[in-house]
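First up is the structure itself, then whatever we jot down about it.
The analysis underlying the following values was restricted to heavy atoms, covering all of them including side chains, and did not include hydrogens, waters or symmetry mates. Small disclaimer: the values here were computed from a predicted structure and weren't measured. Sequence lines set the chain letters: A, B, ... in the order given, protein chains first and strands last, and positions in each chain run from 1.
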There are 2 protein chains.
Amino acid sequence: MRQGAASDSDRELRPKQKASAREILDAAATAFSERGYAATSIDDVADVLGCTKGRIYHYYRTKGDLFIGIHHQALEWALEAVGPPAERVDLDPAERLRQMVHQHALHLMNRSSYMGPAQYQIEMNLASEGRNKEAQMQKILSMRRQFEDLYVTVVKEGVAAKAFRDADVNLLVKAVLGAVNWMHAWFSPTEPKDSPAERERIAAEIAEFAVRGVVA
Amino acid sequence: MRQGAASDSDRELRPKQKASAREILDAAATAFSERGYAATSIDDVADVLGCTKGRIYHYYRTKGDLFIGIHHQALEWALEAVGPPAERVDLDPAERLRQMVHQHALHLMNRSSYMGPAQYQIEMNLASEGRNKEAQMQKILSMRRQFEDLYVTVVKEGVAAKAFRDADVNLLVKAVLGAVNWMHAWFSPTEPKDSPAERERIAAEIAEFAVRGVVA
DNA sequence: AGGAACATACTACCACGTAGGTTTTTCTTC
DNA sequence: GAAGAAAAACCTACGTGGTAGTATGTTCCT
């Protein structure tokens, strides 16, 4: 039974189906993170899985649906990582922002194959070419706004509380997101010194940098 | 007379040849910045120029050479933009860093078609597949190190002078570069309110954010 | 027995780079 | 300055290989 991207939630899949679809998504994320969307073939993804592309087309209608599905999953995880600290209105804004950036950076490192090329608008544009992508892309755009709004909200509240400096909030948020999102360009999970402790250290440093860039 | 990427400097070209090769590079930068390396065909580049791909192959040996040539030119410009403020040892480190980031951000906005996908390691990896790319890639890597060393040097000197906080210098530099380089993801030269003054404002804000993230 | 899951073979199209041809420009000779 | 030759610049057609997606067949699971 095939599906478009992100249609997991609008059709109940049996656990076995879900496990298979997810296994395919994981392999696709790995394959795409190495060579990008256009230069990765469906056969490449099948090679990672040790099967043939017929299996993939059984669960996903097109290559674009596969890629969009990855980004959808990445956004779900990103919201799960950053949502909880974003809701900590009991904390002062600086601490709240610090924890958001910290969790965001950890998430990026822990799910690096999902957080790679799908971040690029160019890749998403390519993947969404073709028919029947409007609904999925609307959902993706909505989730992106929701995610970015978490940051905009905390920065606005920080400015209002005079904990953050009174600058262009959207630019500050973009700079913060830049410091985090650019990590995919230099962080590699296969580095010899990579470890949970090293990831915590990196996340803390990136969070410290971002918060200091914003505080009053 | 054909060339690989970056061979401009190892063979004297007549002004007419240089102008043509440069016109092709500009068109290629525009085309690649829209769809990325793999999804852009040589025919697409020729369409931007209003000619056919035979003309392009007259000056560039392969598609990869064309793309690497763009990145080479981008790095030259980046060094030209950031080098002068980096050399201002008469300024204190914070002001020096501020001017470097400011010029870097302006450069990225003013040359956005050259600063797009070529920034991504994945794209460079794809373009450098194929024969006879080692020398060019060595040159590119050398220029990248030279560029990043400008930032590392100013941050190290700032730490030594106690103007910057004593943290992981390489991480701080990566965070700074992240805030700037991610601009290609959200800055668009075709936005209605784009103007030289708006670019100056954005560059100043990004520079302020970066410096504050680093100062003691 | 029937449907799901997956493999195989196929179609249609696209793209890189080349070879050969044509046109334009440059150079040499008178 | 003109004419002719040579080289450069560019165009067209082609060969080869690759890829997305489909149709059909086979195997496995319910």
Side-chain angles (χ1 to χ4, degrees), chain A residues 1-5 11-25 27-28 31-32 34-69 123 125-133, chain B residues 1-5 7 11-25 27-28 31-32 34-69 123 126-133:
Chain A
M1 174 283 315
R2 281 189 307 172
Q3 62 196 7
R11 176 89 62 92
E12 206 66 21
L13 295 180
R14 303 214 209 85
K16 195 128 181 277
Q17 289 173 324
K18 271 187 154 172
S20 216
R22 173 59 188 278
E23 185 185 0
I24 290 167
L25 210 65
F32 285 132
E34 285 169 15
R35 295 175 61 81
Y37 178 74
T40 302
S41 67
I42 295 289
D43 277 328
D44 289 336
V45 177
D47 288 344
V48 172
L49 285 159
C51 67
T52 67
K53 64 188 172 185
R55 181 184 179 202
I56 296 171
Y57 282 107
H58 180 71
Y59 290 94
Y60 295 88
R61 185 158 289 131
T62 67
K63 182 184 180 186
D65 286 341
L66 196 54
F67 193 86
I68 293 173
E123 301 280 86
N125 286 346
L126 295 178
S128 59
E129 282 169 3
R131 305 144 59 112
N132 309 317
K133 300 290 197 288
Chain B
M1 177 282 313
R2 281 189 308 170
Q3 62 199 6
S7 61
R11 174 89 65 92
E12 207 66 21
L13 296 178
R14 305 213 208 88
K16 193 123 181 275
Q17 288 173 324
K18 271 185 154 170
S20 217
R22 176 57 188 279
E23 186 185 359
I24 291 168
L25 210 64
F32 285 132
E34 286 169 16
R35 293 176 61 82
Y37 178 73
T40 302
S41 66
I42 294 289
D43 277 327
D44 289 335
V45 178
D47 289 342
V48 172
L49 284 157
C51 67
T52 67
K53 63 187 171 184
R55 181 184 179 202
I56 297 170
Y57 282 106
H58 179 71
Y59 290 95
Y60 294 88
R61 187 154 293 134
T62 67
K63 183 184 179 186
D65 286 342
L66 194 57
F67 192 86
I68 293 172
E123 300 279 86
L126 295 178
S128 59
E129 281 169 3
R131 304 143 62 110
N132 306 317
K133 299 292 195 286

* Taking NZ, NE, NH1 and NH2 as the nitrogens, is one of them in B:Glu129 or B:Lys63 under 4.0 Å from a carboxylate oxygen of the other? -> no

* For A:Tyr60 and D:dA20, give me the distance from atom OH to atom P, rounded to whole Å. => 16 Å

* **Check: B:Tyr57 and B:Ile42 side chains under 4.5 Å, non-hydrogen atoms** => yes

* Spacing between B:Asp65 atom CG and C:dC16 atom P, to the nearest angstrom -> 14 Å

* Figure out the CD/C1' separation between B:Glu129 and C:dC16, and round it to whole Å. => 14 Å

* Rounded interatomic separation in angstrom, taking CD1 from A:Ile42 and C1' from C:dC6 -> 15 Å

* Structure fact -> Whole-Å distance, B:Lys63 NZ to C:dT18 P, equals 14 Å

Within the sub-3.5 Å range, which N or O atoms of nucleotides 10-17 of chain D have a protein N or O partner, and how far apart are they?
residue: D:dC10; atom: OP1; partner: B:Arg55; partner atom: NE; Å: 3.3
residue: D:dC10; atom: OP2; partner: B:Arg55; partner atom: NE; Å: 3.2
residue: D:dC10; atom: OP2; partner: B:Tyr59; partner atom: OH; Å: 3.4
residue: D:dC11; atom: OP2; partner: B:Thr52; partner atom: N; Å: 2.8
residue: D:dC11; atom: OP2; partner: B:Thr52; partner atom: O; Å: 3.4
residue: D:dC11; atom: OP2; partner: B:Thr52; partner atom: OG1; Å: 2.8
residue: D:dC11; atom: O5'; partner: B:Thr52; partner atom: OG1; Å: 3.3

* Asked: Separation of A:Gln17 atom CD from D:dC28 atom P, in whole Å?
  -> 19 Å

* Rounded to the nearest 0.5 Å, what's the gap from CZ on A:Arg22 to OH on A:Tyr59? Could you check? => 14.5 Å

* Structure fact -> All heavy atoms of B:Val48 vs all of B:Ala27, minimum pair found to be CG1-CB, 3.7 Å

* **Short side-chain donor-acceptor distance under 3.5 Å, A:Ser41 and A:Lys53** => no

* **Nearest-Å distance for atom pair NZ/P, residues A:Lys16 and D:dC28** => 12 Å

* **Note: B:Glu123-A:Arg35 ion pair, threshold 4.0 Å (strictly below)** => no

* **Euclidean distance, atom CG of residue A:Asp43 to atom P of C:dC10 [Å, nearest integer]** => 16 Å

